[in-house]
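One-based numbering, in listed order, for ligands and for the atoms of each.
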Amino acid sequence: VRRSSPGAAAPVEAADAAVAARLRTLRPTRALVSLDALAANYSYLRERAAGADVLAIVKADAYGHGAVPCARRLEAEGARWFGVAIVEEGLELREAGIRGRILLLGGADGDALRLAVRHDLTPAVVSRESLDALLAHAAESGRPLACHVKVDTGMTRLGLPWTDFLERAPRLAAEPRLRVEGLFTHLACSDDPAVPFTRVQLERFRQCSVAWEQARGARPLLHVASSAGLLTRAETDVELVRPGGALYGLNPFGNQRAPELTPVLTLVSRVVRVVEVPAGTAVGYGSTFITLRASRLATIPLGYDDGLPRQVSDDWEVAVGGGRAPLVGRVSMDLVVADVTDLDGVGVGSEVVVAGGGDGSPALPIEEMAHRLRTIAYEVTSGISSRVPRLFVEGGVVTGIASRFEHLRSVAADAGSA
Ligand SMILES: Cc1ncc(COP(=O)(O)O)c(C=O)c1O
């Protein structure tokens with residue numbers, strides 16, 4: 001089903017006007033994050049969850065999209081659960097006023113656990129040691145500690161090994177120091193529905209949940225699926241689902257755009273220099289590209305420090321001046337060059353879309369860049385660095401900005417009065 005995608009395609013111009021008026025970003029390179037597109041994906045995933053609650057995964061700064069504004073918008077859309085990897089990410093959400101439940105997928109111990117409990121973050125039991133840490137903390141505080149138990153059913157990364165869980169279930173269920181609210185596992189291969197191992201994991205998890213119910217006489221909140229599992233309905237009899245990538249419009253299955261999801265992020269910049277050069281001109285470090293004809297070359301202020309990987313040197317096209325222009329020469333730390341010879345009207349200040357965007361139809365899909373890089377789309381957006389300000393777009397206007405240089409705003413404002 002191809003759905004409309006509010007706010008996904010339009011924001012560039014509106015964003016610029018609003019930025020000029022209200023917010024200052026001194027460098028033209030920025031990531032536009034459509035919170036309306038995020039909300040559209042959330043609503044779609046909620047439908048697909050068919051009654052299960054969506055626990056929105058916002059770890060890794062919401063996969064590079066900006067955790068606080070994304071969580072705020074999701075909370076406004078009705079989200080009641082959030083998932084983060086580390087305690088700092090949870091504290092950041094609490095400090096920003098997020099009131100929903102926050103599950104610490106990576107667990108916590110020591111000082112991190114104390115802080116987590118104080119700020120109402122719900123730790124996951126992720127190993128035998130983390131179980132001991134939770135028990136010790138609960139004993140110390142004299143209060144039962146709410147947690148979710150993660151069972152390792154075959155991912156072999158994090159969680160109580162499932163056989164271990166089966167053995168411990170009776171003791172754990174009778175443990176007065178813990179209030180086990182949820183039981184979950186993570187699937188290793190749900191991005192490929194043909195892989196039979198998912199069935200094996202689901203059966204192991206089923207045994208764990210049955211063991212728990214028998215021991216405890218009550219069913220905890222069960223959760224299994226991330227984006228891929230949710231979109232294929234790998235399991236259905238659960239209370240929660242845990243999508244991350246799909247919320248951000250990123251295809252969990254492979255490197256093509258997912259037509260049912262709306263792209264959220266667009267990486268944009270502006271041309272800062274245009275030169276006309278003769279045939280035979282070398283471009284960039286190592287002179288890896290030599291013009292074969294008289295060429296017009298546009299410099300874009302974006303490089304590998306911003307998250308444009310060096311591996312796309314000579315292997316990516318950007319959208320500029322109503323057409324596509326190939327990157328030529330090596331991507332350097334702060335700059336890259338595009339060949340705009342065949343495009344009319346590209347000059348200093350021309351808007352460049354480097355990746356993402358589109359309106360369901362492929363613009364410059366993040367998945368396509370991931371394919372070139374032999375990685376997945378998640379890594380591309382997570383890799384957009386903190387040097388790139390995130391501009392949050394709602395209803396076609398910028399409603400917020402997240403920038404590492406936020407504290408310099410007053411300094412930047414001074415430039416206007418000089
Ligand atoms: C335990 C857990 N649940 C859910 C997710 C979200 O996965 P996805 O982004 O594929 O939806 C992750 C991501 O790594 C995870 O580790």
Side-chain angles (χ1 to χ4, degrees), residues 38 41-42 44-46 48-49 52-65 67 70-71 74 79 81-87 89-90 101-108 121-127 130 147-162 182-193 195 198 201-202 204-205 208 221-235 238-256 258 260-265 366-367 370 375-383:
L38 175 74
N41 291 328
Y42 172 71
Y44 175 70
L45 294 172
R46 201 149 68 159
R48 295 296 300 256
D53 218 346
V54 172
L55 185 157
I57 301 292
V58 294
K59 66 190 171 104
D61 202 24
Y63 296 34
H65 292 68
C70 287
L74 290 167
W81 284 90
F82 299 93
V84 296
I86 66 173
V87 174
E89 293 172 340
R101 301 293 305 274
I102 299 175
L103 181 60
L104 279 176
L105 295 164
L121 311 178
T122 306
V125 171
V126 295
S127 63
S130 84
C147 64
H148 287 214
V149 175
K150 181 171 192 178
V151 185
D152 178 2
T153 56
M155 177 85 169
T156 320
R157 188 182 64 168
L158 209 55
L160 283 178
W162 69 286
L183 189 63
F184 70 108
T185 194
H186 196 46
L187 300 174
C189 303
S190 61
D191 58 338
D192 185 349
V195 172
T198 299
Q201 285 196 270
L202 290 175
R204 290 172 179 173
F205 186 66
C208 291
L221 300 174
L222 300 179
H223 46 111
V224 176
S226 55
S227 297
L230 166 58
L231 292 172
T232 54
R233 298 307 287 151
E235 42 63 40
V238 289
E239 281 72 30
L240 293 169
V241 290
R242 304 187 309 268
L247 281 171
Y248 311 109
L250 304 174
N251 189 346
F253 298 108
N255 284 335
Q256 321 81 38
E260 70 274 31
L261 301 172
T262 310
V264 174
L265 183 142
I366 301 284
E367 286 84 358
T375 183
I376 57 173
Y378 298 5
E379 189 178 349
V380 175
T381 58
S382 304

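For atom 9 (O) of ligand 1, the closest heavy atom belonging to the protein is Tyr63 OH, 2.5 Å. Protein heavy atom closest to atom 14 (O) of ligand 1, with residue, atom name and distance, is Lys59 NZ, 2.8 Å. In this structure, atom 10 (O) of ligand 1 lies nearest to the protein heavy atom Tyr378 OH, 2.7 Å. Atom 2 (C) of ligand 1 has its closest protein heavy atom at His186 CE1, 3.4 Å. The protein non-hydrogen atom at the shortest distance from atom 4 (C) of ligand 1 is Arg242 O, 3.3 Å. Counting protein heavy atoms only, atom 11 (O) of ligand 1 is closest to Ser227 OG, 2.5 Å. Scanning all protein heavy atoms for the shortest distance to atom 7 (O) of ligand 1 gives Ser226 CB, 3.2 Å.
In terms of polar-atom proximity, defined here as any N/O pair under 3.5 Å, Leu105 makes no such contact with ligand 1. Residue Lys150 has no N or O atom closer than 3.5 Å to an N or O atom of ligand 1.
Between the side chains of Ser190 and Thr198, no donor-acceptor pair is found at a separation under 3.5 Å. Side-chain polar atoms of Arg242 and Ser226 form no donor-acceptor pair below 3.5 angstrom.
Taking the six-membered ring for Trp and thresholds of 30 and 60 degrees, His65 and Tyr248 have nearly parallel ring planes, at less than 30 degrees apart.
Between the side chain of Asn255 and the backbone N or O of Thr375 there is at least one donor-acceptor pair closer than 3.5 Å. Judged purely by atom type and a 3.5 angstrom limit, Tyr63 has no side-chain atom pairing as donor or acceptor with the backbone of Thr381. In this structure, Asn41 contributes its side chain and Leu247 its backbone to a donor-acceptor pair below 3.5 Å. Between the side chain of Asp152 and the backbone N or O of Gly154, at least one donor-acceptor pair lies under 3.5 Å.
Within the 4.0 Å heavy-atom criterion, the part of Arg157 lying near ligand 1 is the side chain and not the backbone.
Within the 6.0 Å centre-distance limit, the rings of Trp81 and His148 are counted as a close aromatic pair.
Close contacts of ligand 1 with Gly245, meaning ligand atoms under 4.0 Å from a residue heavy atom, involve 8 (P), 9 (O), 11 (O). Each of the atoms 11 (O) of ligand 1 lies under 4.0 Å from some heavy atom of Pro243.
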